[in-house]
Amino acid sequence: MAPGLIEPEPAVAAETQHSLAALTASYSDTLCFYLNGTRVTLDTADPEVTLLEYLRGIGLTGTKLGCAEGGCGACTVVVSQYNPTSKKIYHASVNACLAPLVSVDGKHVITVEGIGNVKKPHPAQERIAKGNGSQCGFCTPGIVMSLYALLRNNEDPSELEVEEAFDGNLCRCTGYRPILDAAQSFSAKKGGCGMAKANGGSGCCKEKPAANGAGCCKDTADGAADDQPIKRFTPPGFIAYNPDTQLIFPPALRHHEYQALAFGNKRKRWYRPVTLQQLLEIKSAYPSAKIIGGSTETQIEVKFKNMQYTASVFVGDIAELRQYKFEDDFLEVGGNVTLTDLEELAQEAVKHYGPERGQPFAAIHKQIRYFAGRQIRNVGTPAGNLATASPISDLNPVLVAANAVLIAKSLHKTTEIPMAEFFKGYRLTALEPDAVIAAIRIPVFKAEGEYMRAYKQAKRKDDDIAIVNSALRVRLGEGGEVEDCSLVYGGMAPITVAAKKAMAYLTGKKFTDPQTLEGVMNALEQDFPLRFGVPGGMATYRKTLALGFFYRFYHETLAALNPAGAAIDHDALAELEREISKGAKDHTVGAAYAKTIIGTEQPHVAALKQSTGEAQYTDDLPVHTNELYGALVLSTKAHAKILSVDASAALAIPGVVDYVDHRDLPTAQANWWGAPACDETFFALDEVFSAGQPIGIVLATSAKGAERGRGAVRVVYEELAAVFSIEEAIAQGSYFDHYRFIHNGDVEKAFADPDNLVFTGVTRMGGQEHFYLETNACVCIPKPEDGEMEVWSSTQNPAETQAYVAQVTGVAANKIVSKVKRLGGGFGGKETRSIQLAAICATAAKKTGRPVRCMLSREDDILTSGQRHPFLARWKVAVTKEGKLQALDADVFNNGGWSQDLSGAVVDRALSHIDGCYKFPAIHVRGRVCKTNTVSNTAFRGFGGPQGIFIAESLMEEVADHLGMPVNELRERNMYASGQETHFKQELKDWYVPLMWKQVKEESEYARRRTEVDAFNKAHKWKKRGLAMVPTKFGISFTAIFLNQAGALVHIYHDGSVLVAHGGTEMGQGLHTKMTMLAAEALAVPLDNVFISESATNTVPNSSSTAASASSDLNGYAIWNACEQLNARLAPYREKLGKEASMKELAHAAYFDRVNLSANGFYKTPDIGYVWGPNTGQMYFYFTQGVAAAEVEVDTLTGDWTCRRADVKMDVGRSLNPAIDYGQIEGAFVQGMGLFTMEESLWARSSGQIFTRGPGAYKIPGFRDIPQEFNVSLLKDVNWENLRTIQRSRGVGEPPLFMGSAVFFAIRDALKSARGEWGVQGVLSLRSPATCERIRLEVGDSIVKRAEVKAVEGERSWFHSDFFRAALSKDGAENAAKIVRPMTSSHFAPTTYVGYSRADKNVTDELINLQRINLGPTKAKIMSLEPE
């Protein structure tokens, strides 16, 4: 049967129907709960809907769908209930996308709409909105609800509790700093230390003996410690938070008696027992019934693995399974205690038993603290965690190492299962089919002589699954010999596994003997003989972590024993800890030039609507009568012929209405699209060139029906050879027909000069997923006349959407109206790729004559929408011995994917930014676009600029190392001076990078901190700090000249209100805010008199996409132009009625004189007109500039790191709105930091499909990844004499993104020190992103060397992204051409595959299992590819 195809048959097998029916005959079939204070009764509940689907289905659209896997927090709601564990009312933040509807019976569900609205907001909503904590706003309701839950549970939260409250929420826009600032206004104290023991740290310096009289780090200059508590405050002008006025817990629920439930339909039935006896009876009657506690794993299986559980049993309301008891020798906890409760119980157990005997509970608490997000911990349970048998569970190693025992119960017996015997194989356990885990018995340790620690390393600290975790325990006898031990690891095998050889060796040895450490390390190597191509990759890194964890444990234990003369490696003991984050901004920056409105700090105009859930996004639009839902049928092969497509099985499913593909277009030509090259199809024809390429769309009366239908479409493929990496494309000559170069000066002369030194290198930079919180969405509404259609799309490009929808529907553009209310983030990902979905939906709407809606799942969005382009550059630099740059020659390649899209323009901009901020007297740079069988890469914030500047800064770092010169000295010697020309011959005017460089150096106290960092590194073996500064200049203008234009339409109404329309779209960047400010200033009206409703092609035609950081410049001047026209018409009335006359009075007078109160404005950027080849003309209107400094601390034993401080200064001219600009800078910096450090895209070699297709595997920075101290300022007190933009402001959206690379280069600085510690020779060529894996393996210490896993002949890495480095792992001696040898047809014998539109089931299972396991990318020792 096809995956997802459900036939109408009984949900329960016939042989068990009778017994189940008898058991559940008395069960109720009615759900009863409260929703925002109102009682709700459902006696016909759909058993397949989640809480999120129910809420959105009844019109509560404030709760958003961001990922459907509980990884982003956009769907967060609060579920209040009486907690049978704590015996208190608990307000749980919950992922509504995972919660089954049955789970809220007897509880109070609170959504963002329930706590406030624009007229009467909750203080949390108001402070986040007015504190500039909402940009695109799609994540804001979830963040508000996480804060609301914290405040309901704790009226006086500490600063740490506030900061950790958002560990299950993500935001892609703000950089988190303003959200935290707003949230901290509710905290009870200021000045708390994140390292304090009370906060889960190793101890604040106040709690430790002062080293050399150093005292407290928070001591003020006069020596007084800043430890005075400051009570929670209400910012001036804000609503005070009064806990007594909050939505009450319904009195009826205080006495609610849970009744057993049984309800469902033919496809699925739910059972909700309320006693353990009822549960055991159900399991006895139907052993295969799926037991569900928090549904955190099950919903993933249903959504992404197409698992169908026809009988599900919700056990979250069985009070017996949520109890605990402290015994003399053990703690027994119910199997269904939530992880949040277990977290608190663990702390209580440490207090109860004492720190020595309570070590297992300290380990449990440590692991749970970083176990997923709070929303998951609020519903997840230890029994569920154990039963799923995940090989990277954070709890399992602790329980195994502690010799915990599971109490398993079935109807007729109780069994004790030692944890060491529980896991039998991948996802297999010793639990009998009819049994459940009733309790867990965790032994208490001896009073002395027993030691235990737990460790975990993940891609991201918060809310991430482990790469490797472990729990290590030893029990020592009186003589110091090891009597017993447990060395248990996750992530090293298909199950949680004990290192048996190491344990056998360790037992009986004297622990303090140095030979013991070496012997265990040798044994661990034998315990984990990972092969190079191990599933999930990262073989060397995982093995390094396994050894490193024991090394740390050994020295931690040795330090606790503290024997005389022991060589304790003190620097290996502590893990990295964060302070409570903070930041500073200069809020006086606009004082010198602010006008009535322009130049003042104003919150985002829609922020309050976004915070209350009232702001509408595309999928929030009310459902139309007769509307259909679409689900894309996507290719599952990277490159293949399509032999046949059969949708008959899909069309047989009830609710499925139609299947649409290329045959439904008006002409064959209508299928082709793309800008600037029309080289791709909306629907695949007879060949697919990438996994995720659309083949068709299934239409159904419900979204779930469409999903089921698309899963039943049968596609037969013949697989063809595929190209994935830039290196493969270069080897095969696989390029698009795009070649550009910039040649200025005589490079050959410089290279031939014997007085110059010549250095070569290769710079590599990975791509980046946009990860906007709102995926691409579209609603197409056909009209009954003339082929008209209204298209609501989450696009940055309404005009091009209009043009292509007209094309696929066979009508003129004037029949199509393309509209955008707002986007939940864009970042370039919705500039062109959104058009694909709109055109496909429009084709379907045209064919059926019915409205069609489609919002892509996160998985489908990543599969179809493209990414930032990966880049590779081979460069050669000539420089004098004194460090004066003479010439640069470079070949630059980007990975365009399977179609060209905007890849040519991206590589062009990279070429124009490859000089960075430095003067090269001679440059010759060339750019090519590689054609591969990956998703078509596209625009992303920076559009090639960050890649070009990264090449510049990388070569500066390496050249400085070759010269033995501090890199900042090299930068300063070669930094452009005002009036100099770039390599494309554009004079630098209003050039303030040197000034900002000086200011940032002084304000960040760079010289002092450089000395401190060097001293720290000399004193520490494993912890290393790094410090870096980088400048940036970013050209503002579209490089396609015709796009540098904009139109606007301004209406003035009788009541004096003003309606503005312009060609830009609002996607969180504050464009509408700035535009309303400009109109209000120009017309001299209050800001709230001006309104922008939407962006639409029937008000402003032929608009350029909202991109290139030029939208404020273009649209702002167009609006200003329209307002000037209106002011000219109103001038006589102002003169007649006086200066104090209101706009209402002026408009009335003008109207009755028949004066036009509507004006159309227009603007086009002057002066620009660069010509490629001859290298003539002006490329950019101006440059936005900036400088950033960053300091990091790296734990080189694990690769973990934290950014201790970042200082960013940007020149944005005369800011139109400093608050908006600060938000753009902070958000761009953090997004850039993610690009250069943790965000890594991976493709599975087995299928050619992208592996990192959701928050479970792809990690963007979270709240606690941002700099601990984050200072942002704008350049002020200078003149911008040559800046001719609107109000002399500069574009700010893209330029700050590169500033995040300061963190990357600070990591590189730390690694240089680490490599020096271990005697590693040679210049470090660090590839971006600098993931924890790359960081660890570049250290080059003895642990890495002994853990290195080499590829055997013919062995390949698990992921395609590792093709090149894997091949070079064999001592780096192979010839590059041999390594990336061309693939001929003999390498890929044609194979016929019968697949399904979602993915071949075995491949899907493999991918999803790995995605949940997160075994990560393959990593061998990185070697440099020298240029030819």
* Asked: Is Arg874 salt-bridged to Asp891, going by a charged N under 4.0 Å from an acidic O?
  -> no
* Asked: Between Arg1253 and Asp861, is there a side-chain N and carboxylate O pair less than 4.0 Å apart?
  -> no
* Asked: Centres of the Phe741 and His743 rings: under 6.0 Å?
  -> no
* For the student: nearest non-hydrogen atoms of Pro946 and Phe1034, plus distance -> CD-CE1, 4.5 Å
* Can Tyr1258 and Glu1239 be counted as having a side-chain donor-acceptor contact under 3.5 angstrom? -> yes
* Asked: Are the charged groups of Arg740 and Asp908 less than 4.0 angstrom apart, N to O?
  -> yes
* **Lys931 bridged to Asp679 by N-O distance under 4.0 Å** => no
* Asked: Is any NZ, NE, NH1 or NH2 atom of the basic residue among Lys1033 and Asp915 found under 4.0 Å from an Asp or Glu carboxylate oxygen of the other?
  -> yes
* Asked: Can we call the ring centroids of Phe1236 and Phe950 under 6.0 Å apart?
  -> yes
* Asked: Are Thr938 and Thr832 close enough, and set up right, to give a side chain to side chain donor-acceptor pair (under 3.5 Å), and what steps lead you there?
  -> CA-CA 8 Å; Thr938 189; Thr832 58; 3.1 Å; yes
* To do: Would you mind checking if Glu1240 and Arg460 are paired as a salt bridge, meaning a charged N to carboxylate O distance below 4.0 Å?
  => no
* To do: Show your working on ring-ring contact (aromatic ring centres under 6.0 Å, His included) between Phe759 and His962 and close with a plain yes or no.
  => CA-CA 8 Å; Phe759 303 110; His962 282 297; 4.4 Å; yes
